[in-house]
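Model, not experiment: these values are computed from the prediction. Below, read A as the first sequence line, B as the second, and so on, with proteins coming before strands; counting in each chain starts at 1.
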Amino acid sequence: MPRRNMVEAIRDAMDVAMQRDESVVVFGEDVGYFGGVFRCTQGLQQKYGTSRCFDTPISESGIVGAAVGMAAYGLRPCVEIQFADYMYPAYDQIVSEAARLRYRSNGQFTAPLVVRMPTGGGIFGGQTHSQSPEALFTHVCGLKTVVPSNPYDAKGLLIAAIEDDDPVIFLEPKRLYNGPFDGHHDRPVTPWARHPQGEVPDGHYTVPLGQAAVRRTGTAVTVLAYGTMVYVAEAAAAETGIDAEIIDLRALLPLDLDAIVASVRKTGRCVVVHEATLTSGFGAELAALVQEHCFYNLEAPVMRVTGWDTPYPHAQEWDYFPGPDRVGRALRAVMEA
Amino acid sequence: MSDRQPLSFHVPEPAVRPGGTPDFSDVAIPKAGSVRRPEVDAKAEEIRDLAYSIIRVLNREGEAVGQWAGLLSDAELLEGLRDMMTLRAFDARMQMAQRQGKTSFYMQHMGEEAVSCAFQRALEPGDMNFPTYRQAGLLIASGYPMVEMMCQIYSNERDPMKGRQLPVLYSARDHGFFSVSGNLATQFIQAVGWAMASAIRRDTRIAVGWIGDGSTAESDFHAGLVFASTYKAPVVLNIVNNQWAISTFQGIARGGSGTFAARGLGFGMPALRVDGNDYLAVHAVAKWAVERAHRGLGPTLVEYVTYRVGAHSTSDDPSAYRPKAESDAWPLGDPVIRLKDHLIKRGAWTEARHKQAEAEILASVIAAQKEAESHGTLHSGPHPSARDMFEGVYAEMPPHLRRQRQQAGY
């Protein structure tokens, strides 16, 4: 089985999609000749030509706005916003245009496009290279929001996103590009080459949007996580010895509510973990759903472990980042409750 | 240093406010026929002056003069006149329908009819407009049924948008009319994207982006220009300068720049300014720009100089911010009357036939209105179903929406 890190898996997904469907085009800042600042599009321009993979002006609303027009024409654009932190100029095009085009035109025009963006912290990127804005997308009807946590899923989910007939926000946890980072920033990260999920088949396959994966089965407490936090939760479970069931949501919308409910009904406890800030974060939605559907199974309040409600700091990165220590404390707290 | 005064803050003001005497003396109007018609493959740098002038064909005597004249036959001009008269009659009826409570909102075109009606006649089948809310002439001139437009305005059971969209935000894919967004300027860069896609697929169709003078201040206007010029997209980018952005005069968006058209010069784009109340001039310039796009010569920026005679919308009262008689003082006249006078001058039309046409058109608009109202109006008669509200958010309804629809009782 071929092994790929997450960057290679994402690149392979676009390669496979471009090969199979001439209507798939890839563009963004530094995406063409250079192959992207994270190298996710390396080689695609050489292989498919400048009309299918090209550099754009530094204009995020231009990138997404052009993609909406192309999608309305009948193409399937897969565009890159260099960092999720830079997507705000494109937000109007995403929220008011891509997300609502099908609805407002009664299906005359649709926007089957993917907006890829590296997300999350852990790279000393400060406020402008570390944010996790997923809740700004899950709050918008008409969008799908996906966060892969490993190379196998990244490829399968990205192909599924490109083939999807609705706009998909594809958030790539950049700290996972090279390996399953578990929050222990002072230790070396196992490369994907030595991780089971680094096995990425050649060719076409998809991971459906809306199916969670159980990363660790357990009986004591359900941990709902996605992206980098899956590995932080695994580390916390290992270090506390608490038999946690760790669910990797993979897609936040559509959400695999059945998997969440089945697990929490079994364990009776739930901890939600995300890097994004706490207030009105996606964890609030998850906590609300868990109490709505599992209230009589709960033996402890649902807890959230998240980034603090501050801008993402630079020097204090590891005080901000919800690492295994904080997650472990939450696990103990719900077990003691 | 001692000669420096404290800084002062500048907010542009229109020449006249309510109570004053309308004054357009600062709008320089060149003589009809005085602006040259360059070759269609002219380079932007050779025609920079066209961004600062106004291309006009019809003179005060109702004659078509100069190099931009002579493109349209009597029959085509009569069709154009009928389009504009239809749009005007349609507006009047729908404006009244809103006042009668048959719909929530309406936006009329009074004074700007030539821009969209003449432009549409320059396009080829398959070309795609990305319009704003004040280009319904594109639909009228492309033969889109008035009944469909009215059903959309009434949000009734036959509304092609199933009651989901504000009145006048039409969508008509088969008539080359992209879904109108209520957000401003977003469609400008989308038009460029559509045109890029057409070029990527080596298609022959072109796109047209539309924007108002006020919305040129939006960043998507500039995104559209930079993408269009960078990729030489087959697109025509139209600025309709009707002088007013709700209550804000065009000087607030234009600032110290010479003209809106001149914005294109920095992007190396041919930029033309045209008399927007002159059907022949609008059509001739549109043909020129459309031809450039079809020949792969790249984008063109066109500013249509016109005047919004009516209120911004049925929710607006212009007497609060501009003199009531300002529209009468507008130096470019009324587009319908100017074309009528020209056709009479050509011997192709008479006052009597015009009156008769007015009556016929009004009758056809009223007939369409009756038919539309038989399918309901906003607050009475048949409606789109509440169940429809949940459809079309996604290609396939996700589980959470299905649950909500059940919860709502549908």
Side-chain angles (χ1 to χ4, degrees), chain A residues 22-23 25 27 49-52 54-75 77 89-90 92-93 95-112 141-144 164-167 209-210 253-258 289, chain B residues 128 130 159-162 164-166 169-174 177-183 185-203 205 207 209 218-220 222-227 230-231 233 235 388-389 391-396 398-401 403:
Chain A
E22 277 206 334
S23 69
V25 291
F27 54 95
T50 50
S51 68
R52 293 190 58 202
F54 53 89
D55 291 317
T56 65
I58 301 176
S59 169
E60 288 77 14
S61 73
I63 292 167
V64 179
V68 171
M70 288 182 185
Y73 174 92
L75 300 190
D92 191 27
Q93 287 287 351
V95 174
S96 313
E97 303 296 320
R100 292 197 218 133
L101 188 54
R102 174 188 298 283
Y103 192 76
R104 79 176 198 222
S105 71
N106 192 22
Q108 285 180 7
F109 299 95
T110 59
C141 41
L143 297 179
K144 296 182 178 179
D164 198 275
D165 288 331
D166 289 308
L209 311 183
L253 202 151
L255 181 69
D256 190 348
L257 183 61
D258 293 344
L289 286 168
Chain B
M128 183 64 75
F130 285 72
D159 173 4
M161 310 293 99
K162 291 194 171 179
R164 294 169 183 165
Q165 186 64 303
L166 199 67
L169 304 187
Y170 314 101
S171 179
R173 185 190 172 100
D174 295 342
F177 191 96
F178 183 75
S179 159
V180 182
S181 175
N183 287 35
T186 49
Q187 72 284 349
F188 212 63
I189 173 67
Q190 291 165 359
V192 177
W194 197 99
M196 289 166 68
S198 184
I200 287 168
R201 298 312 298 266
R202 304 199 59 81
D203 195 347
R205 298 175 288 162
E218 290 279 7
S219 60
D220 277 350
H222 300 87
L225 291 181
V226 73
F227 274 64
T230 297
Y231 302 109
V235 65
D388 278 344
M389 177 169 67
E391 301 286 344
V393 184
Y394 295 90
E396 279 177 46
H400 73 283
L401 259 189
R403 279 195 301 276

Counting heavy-atom pairs under 4.5 Å to chain A, which of P160(B), P398(B), A197(B) comes out on top? A197(B)
Heavy-atom contact with chain A under 4.5 Å, split by part of Y231(B): side chain
First locate atom CD of Q108(A), then atom CZ of F177(B), and finally report the distance between them rounded to the nearest 0.5 Å. 10.5 Å
Hey, which of V25(A), L289(A), I63(A) has the most heavy atom pairs under 4.5 Å with chain B? I63(A)
What pairs with E218(B) under salt bridge (charged side-chain N to carboxylate O under 4.0 Å, His left out), at least two apart in sequence or on another chain? none
Which of the residues N183(B), T186(B), V393(B) is involved in the greatest number of heavy-atom pairs with chain A at under 4.5 angstrom? T186(B)
Relative to chain B, which of P254(A), S59(A), G142(A), S51(A) shows the most heavy atom pairs under 4.5 Å? G142(A)
With respect to chain B, which residue among T50(A), L101(A), D165(A) yields the maximal number of heavy-atom pairs within a distance under 4.5 Å? L101(A)
Locate the shortest heavy-atom distance separating R104(A) from V180(B); write the atom from each residue and the value. NE-O, 3.8 Å
A side-chain contact here means heavy atoms from C-beta on lying under 4.5 Å apart; do Y73(A) and M196(B) qualify? no
Contacting region of R202(B) [heavy-atom separation from chain A under 4.5 Å]: neither
Chain B interface, residue from D164(A), T56(A), T110(A) that has the most non-hydrogen pairs under 4.5 Å: T56(A)
Output for pair (W194(B) CH2, L75(A) CG), nearest 0.5 Å, gives 10.0 Å
For the atom pair CZ (R102(A)) and CZ (R164(B)), what is the distance rounded to the nearest 0.5 Å? 10.0 Å
Heavy-atom cut-off 4.5 Å, strictly under: side chain, backbone, both or neither for A191(B) against chain A? neither
Pairwise side-chain contact, T230(B) with P57(A), heavy-atom cut-off 4.5 Å (strictly under): yes
Establish, from distance only, whether the side-chain atoms of Q93(A) and D220(B) form a donor-acceptor pair under 3.5 Å. yes
Which atoms form the tightest heavy-atom contact between S171(B) and F109(A), and what is the distance? OG-CE1, 3.3 Å
Options E391(B), E396(B), M389(B), ranked by heavy-atom pairs under 4.5 Å with chain A, top entry: M389(B)
Over all atoms of both residues, closest heavy-atom pair of Y394(B) and L143(A): OH-O, 2.6 Å
I'd like to check S105(A) versus Q165(B) (side-chain heavy atoms, cut-off strictly below 4.5 Å). Are they in contact? no
Can you tell me which of D388(B), L169(B), D159(B), D203(B) forms the most heavy-atom pairs within a distance under 4.5 Å of chain A? D203(B)
Given heavy-atom pairs under 4.5 angstrom as the criterion, report whether the side chain, backbone, both or neither of D55(A) touches chain B. backbone
Flag for S181(B)-E97(A): side-chain donor and acceptor within less than 3.5 Å: yes
Pick whichever of A223(B), G392(B), P399(B), G182(B) has the most heavy-atom pairs under 4.5 Å with chain A. G392(B)
Given F130(B), Y170(B), F178(B), the one with more heavy-atom pairs under 4.5 angstrom with chain A than any other is F178(B)
